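Have a look at the structure below before the remarks.
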Amino acid sequence: MTRRRQPASVQHIELATRHWPRLMRAQTAAEYTDEKSVKSFLRRTGSIYPPALNIPGRGRVWTKESLDEAIDRLTRARSVTAASLADDL
């Protein structure tokens, strides 16, 4: 028996209401940031997203707080740019 794939809207609701751990491996961090893939998330690590912490015995992990801060900075930067463009008009 094959599992039927849920509609994207249902998947999005499930992700939005999910309890996210404070420490996330790459797969979980990619899902949390809504990247298309782990590879996409890792490419943006160090530029948009913070570098991973390397925890002995656990490997590379990202904190929920550091990802939230990175997203907040990105959002603020875009808001400032949009406001500047509006002022120029």
Side-chain angles (χ1 to χ4, degrees):
M1 183 172 154
T2 60
R3 263 179 80 175
R4 212 171 141 198
R5 188 176 170 108
Q6 295 177 328
S9 59
V10 172
Q11 291 174 351
H12 183 72
I13 290 169
E14 287 177 353
L15 285 176
T17 59
R18 179 178 172 184
H19 171 74
W20 296 99
R22 290 188 63 202
L23 292 176
M24 301 181 204
R25 291 186 177 96
Q27 175 70 41
T28 306
E31 291 173 8
Y32 182 71
T33 57
D34 200 27
E35 289 291 344
K36 290 182 181 182
S37 66
V38 173
K39 190 174 180 178
S40 295
F41 173 76
L42 292 174
R43 270 197 311 269
R44 291 174 175 88
T45 296
S47 58
I48 292 175
Y49 304 119
L53 301 173
N54 196 358
I55 298 178
R58 180 121 192 230
R60 295 183 309 170
V61 294
W62 287 261
T63 65
K64 180 181 179 298
E65 292 78 14
S66 67
L67 292 171
D68 287 343
E69 288 170 6
I71 293 166
D72 289 344
R73 278 193 305 276
L74 181 64
T75 304
R76 280 193 303 272
R78 288 193 179 192
S79 295
V80 169
T81 302
S84 297
L85 288 173
D87 289 344
D88 289 345
L89 296 177

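Just so it is clear, the structure is predicted and the values come from calculations on it, not from any experiment. This chain uses plain numbering: 1 for the first residue, then up along the sequence.
By the rule that hydrophobic residues join a cluster once side-chain heavy atoms approach within less than 4.5 Å of another member, Val38 and Ile71 end up as members of one cluster. Both Tyr49 and Trp20 are members of a single hydrophobic cluster when ILVMFWY side chains are connected at heavy-atom separations under 4.5 Å. With hydrophobic clusters built from ILVMFWY side chains whose heavy atoms lie under 4.5 angstrom apart, Leu53 does not share a cluster with Leu67. Cluster annotation: Ile48 and Val61 are assigned to distinct hydrophobic clusters (Ile/Leu/Val/Met/Phe/Trp/Tyr, side-chain heavy-atom contacts under 4.5 Å, transitive).
Scanning for side-chain hydrogen bond (donor to acceptor under 3.5 Å, both in side chains) contacts around Ser37 gives Ser40, with sequence neighbours left out. For the salt bridge (Lys or Arg N to Asp or Glu O under 4.0 Å) test, residues two or more places apart in sequence or in another chain that qualify with Arg44 are Glu35. Partners of Glu69 according to the side-chain contact (heavy atoms from CB on, under 4.5 Å) rule, which considers only residues two or more places apart in sequence or in another chain, are Arg73. Evaluation of the side-chain contact (heavy atoms from CB on, under 4.5 Å) rule for Pro51 yields no partner, not counting sequence neighbours.
The CD atom of Glu31 sits 4.5 Å away from the CD atom of Gln27 when rounded to the nearest 0.5 Å.
Under the salt bridge (charged side-chain N to carboxylate O under 4.0 Å, His left out) criterion, the residue pairs touching residues 53-64 are Lys64-Asp68, with sequence neighbours excluded. Counting only residues at least two apart or in different chains, ring pair (Phe, Tyr, Trp, His ring centres under 6.0 Å) contacts with residues 50-74 comprise Phe41-Trp62.
Scanning both residues, Ser66 and Thr63, for their nearest heavy atoms gives OG-OG1, 2.8 Å. Thr45 and Pro50 make their closest contact through CG2-O, 3.3 Å (heavy atoms, listed as atom of the first residue, atom of the second, distance).
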